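Both counts, for ligands and for their atoms, begin at 1 and track the order of listing. Being a predicted model, the structure only gives us computed values, none of them experimental.
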Amino acid sequence: MDAPTNSPHYDVVIVGAGFAGLYMLHRLRGAGFKTHVFERASDVGGTWYWNRYPGARCDVESMQYAYSFSPELEQEWEWTERYATQPEILRYVNHVAGRFDLRRDIQFNTRVAAAIFDETDSRWMIETSDGGRTSANYCVIATGCLSTINTPNFEGLESFAGSLYHTGEWPHHEIDFSDQQVGIIGTGSSAIQSIPLIAEQAKHLYVFQRTPHYTVPAWNQPLQTDPKTQHSGRKAYGYDEDLTMEEIKADYLGLRQRARKTFAALAFTPNPRSALEMTETERQQEFENRWKRGGLPFQGVFRDFAVSREANELAAEFVRQKIQHIVKDSVVAEALLPTYTIGCKRLAVDTGYYETYNRPNVTLVNVSKSPIERITPAGVYALGREYPLNSLIMATGFDAMTGTLLKINIQGRGGLRLHEKWAEGPRAYLGLCLAGFPNLFTITGPGSPSVLTNMLLSIEQHVDWIVDCLEYLRDRNIAEIEPTLEAENEWVTHNNEVASDHIRNSCSSWYVGGNIEGKPRVFMPYVGGFPNYVEKCRNIAATGYKGFVLRGVGS
Ligand code: N01
C-alpha cells in the first residue's frame, strides 16, 4: 500500500481509545512523540462504550479499577459504589479524556482496516474505513481483549421477527422489557449481571443455559462520603483490607504497591494456608468469610485454590451447596450446578443471580444436553418446543484476545500476514511484540497477563514499557525494533508450560478460544502471574532489549 505524498505522517499511530489507548496517548504526548489515535466508536471508553446492557458494572472494585498514573486524578475522582456501574466508568473515562485534553488527537468513527509495514522506510502504512491513508514509525494496537462480539451461527437467526440484542453491542437508549417475553442465550458474566434486572422488568424471562457458571456475590454498596462526618465509613474494597475510601486515598500508593505484588495485580490478602492442611471446620469458616466478603478475592480462599484439584473441588463444592441452598426448586438448582473446576472460566460476581431463579416469571431452559435447534420468526426452538419471544438477547461473549487483531489486515516484513502467523494460535514475545512485525506493539496482547489481572495496572505497565522502549530507540537513533523468532518461541514455550496443568486451562472457555468454532485451542493469556511477568519485562529492557533485534538509522 502506497501512501499519497500528502498523507499525514506520525511518530506513532494508536488503534483504540479505551483505557489503553488513552493512557498511551497521554504518555506519548508527554514524551514528545507526535501521536494520532483511530477509534471506531463515536467516543472514548472502549469496552465501557459498547457494553451498556442492564446491570453492566465492573467486577473489580472501583478504587482499584482506576488509573494509578496520576495522584491528582486518584484524589479528585469520587467513586460512588464499591463496584462501579458502566455509566459511572464511562463518566470517569470521559473525565480523563477531558482532564488531559486527549480528544484533539483522536479520530472517532474511524476503523483501521489495514496496517502494512513498509520495509523501505521502516514505517507502518495505515488504511482506515473512510479510505484515509496515514503512516507512522510505530503502530500500537490498543483494541482490548474483548472487543469483537461472538454471535453463534444459529439456523434461522435472521428470520427472528422480534428485537435482537447482543450484550457487547447494546443500544445507547434504554430498553423497556416490561410486558415482554424475553429470551437470553448464555450464562457468562454478562448474562449473570443482566438477568436479575431484566427479570424484574420482563413479563417472562427464558434463560437458555448451555453450561452453568460459578458466581459469587458482589455485596455491592454505596461509597459516598457522609457530608456531616466527611467520612464514608464504608469499606471500600477487598478481603482483610477493611479500609474506607478516605483511608485508601490517604495511602493510594500503598494500595497500588500491594496490588502489584499479587498474581492478579489486585490488592487483597490470599489465605496463605493450603486447603488440605486445614480442618473441615476451619475450611468452612474460611469459605463463609470469603463468601461474606464476596467478589473475585473468593479465589484467595486457599493458596492452592488454582493449583490443587483437590483444594479446588472443595471450593467448587462449597459454591454448589450455596446454589442448592438459595435456589428453591431442586430441579432448577441441579441444572445450575457447575461440575468443572472453579476459576477455570472467569469467576463471575453477581447481585441476586441465583435468587432470580426463584421468581415465577423466570424459566431456566437447560440446553446442555440438547442444543438450541433453531431460531424461528417467533422465538427460540429448543427441547422440542418453541419459546415465543418479543426480544432475544445474545449474551454469547466475544472472539477474545485475537478476534479484533485478525479483523485488521496486518502485514509485516515480506508481506507476512498476521492470519498466517497466527494460523495455529497467537504467538508473540511478552504478548507485546511479534517476530516479523517490526515497530508494532500490542497492549495486553495474547501472551501477557492481561485478562487474568486488574486490567488497569496491566495496561499501565505495558504503556510505560512501550514509552521507555521508544525513548531508548529515539535516543540512539534506531529505526526498527523486532523480536527474534527464537525469543518469541521461548516465550510461547514458557507460556504453554505454565498453563499446561493450570486450573484456568482445565475446561473450555474463551481463554483457550473454546467458544469460537474452528479457533485453535491455545491458552492465550500469560498465567505466570503479574509480578513475575513485570520482572521479566523489566530485565529485558534493562539488558538493552534482550531478545529483540534493533536495526537501522532513524529518520
Ligand atoms: O461471555 P462468555 P460474557 N448456545 O463467553 C454461551 C468479561 N466481562 O460476555 O459456556 C448456547 O463468558 C456460553 O456457553 P458455554 C469477563 O472477562 C466482564 O458473559 O460456551 N449458549 C456462555 O454461557 C467475561 O469472562 C465483566 O457453554 C452459548 C455464554 O454464551 C467476558 O467478559 C462483565 C452458545 C458466553 O459467556 C465474557 O463474558 C461482563 C450457543 N451456541 C463480562 N454460544 C465485568 O464485570 C455461546 N453460548 C468487568
With heavy atoms only and a cut-off of under 4.0 Å, state how Ala400 meets ligand 1: side chain, backbone, both or neither. neither

Protein residue, atom and distance nearest to atom 27 (O) of ligand 1, heavy-atom basis: Thr211 OG1, 2.4 Å

Tell me, which protein residue and heavy-atom name are nearest atom 14 (O) of ligand 1, and how many Å apart are they? Arg210 NE, 3.8 Å

Looking at Tyr83, does the NZ or CZ of Arg57 lie under 6.0 angstrom from its six-membered ring centre and within 45 degrees of the ring axis? no

Check: Ser458/Ser450 side-chain N/O donor and acceptor closer than 3.5 Å: no

Closest protein heavy atom to atom 1 (O) of ligand 1, given as residue, atom name and distance to 0.1 Å: Gly397 CA, 3.1 Å

Give me the nearest non-hydrogen protein atom to atom 8 (N) of ligand 1 as residue plus atom name, then the distance to 0.1 Å. Ser189 CB, 4.1 Å

Using 0.5 Å steps for rounding, measure from the CD atom of Gln181 to the CG atom of Asn361. 10.0 Å

Just let me know how Tyr53 lines up against ligand 1, side chain, backbone, both or neither, with a heavy-atom cut-off below 4.0 Å. side chain

His95-Glu76 side chain donor-acceptor pair, cut-off 3.5 Å: yes

Which of the listed options, Asp59, Asn150, Leu146, holds the heavy atom that is closest to atom 7 (C) of ligand 1? Leu146

Do me a favour and list the nearest non-hydrogen protein atom to atom 29 (C) of ligand 1 with residue, atom name and distance? Ala395 O, 3.3 Å

What residue and heavy atom of the protein are closest to atom 25 (O) of ligand 1, and at what distance? Trp510 NE1, 2.9 Å

Ile185 neighbourhood, listing ligand 1 atoms whose heavy-atom distance to it stays under 4.0 Å: 11 (C), 21 (N)

Can you confirm if the NZ or CZ of Arg40 lies within 45° of the ring axis of Trp50 and under 6.0 Å from the centre of its six-membered ring? yes

Pull out every atom of ligand 1 sitting under 4.0 Å from any heavy atom of Cys58, numbered as shown with elements. 45 (O), 48 (C)

Atom 26 (C) of ligand 1: which of Glu517, Arg57, Gln209, Met394 has the nearest heavy atom? Arg57

Checking contacts here: is it the side chain or the backbone of Pro152 that comes within 4.0 Å of ligand 1, counting heavy atoms only? Could be both or neither. side chain

Close N or O approach (His213, ligand 1; < 3.5 Å): no

At under 4.0 Å between heavy atoms, what of Phe208 touches ligand 1? The answer is neither

Identify, for atom 16 (C) of ligand 1, the protein heavy atom at the shortest distance, and state residue, atom and that distance. Arg346 CD, 3.4 Å

Considering non-hydrogen atoms of the protein only, which is the closest contact for atom 36 (O) of ligand 1, and what is the distance? Gly188 CA, 3.6 Å

Is it true that Asp59 and Arg346 make a salt bridge, defined as a side-chain N closer than 4.0 Å to a carboxylate O? yes

Below 3.5 angstrom, do we get any N/O pair linking Ser190 and ligand 1? yes

In terms of atom number and element, which parts of ligand 1 are under 4.0 angstrom from non-hydrogen atoms of Gly186? 6 (C), 23 (O), 29 (C), 30 (O)

Has Trp79 got a side-chain atom pairing as donor or acceptor with Ser62's backbone, closer than 3.5 angstrom? yes

Using the ring of Tyr49 (Phe, Tyr or Trp, six-membered ring only), decide whether Arg52 places NZ or CZ under 6.0 Å from its centre and within 45 degrees of its axis. yes

Using a 6.0 Å distance limit plus a 45 degree cone around the ring axis, check whether Arg385 lies over the aromatic ring of Tyr387. yes

Under a heavy-atom criterion of less than 4.0 Å, does Phe154 contact ligand 1? yes

Using side-chain heavy atoms (C-beta onward) and a distance below 4.5 Å, is Tyr67 in contact with Glu460? yes

Taking 4.0 angstrom as the limit and counting only heavy atoms of Thr187, give me the atoms of ligand 1 inside it, by number and element. 22 (C), 23 (O), 29 (C)

Side chain to side chain, Val182 and Asn390, heavy atoms closer than 4.5 Å: no

Is Lys328 paired with Glu355 through a side-chain N to carboxylate O contact shorter than 4.0 Å? no

Please tell me whether Thr444 and His462 have a donor and an acceptor in their side chains that are separated by less than 3.5 angstrom. no

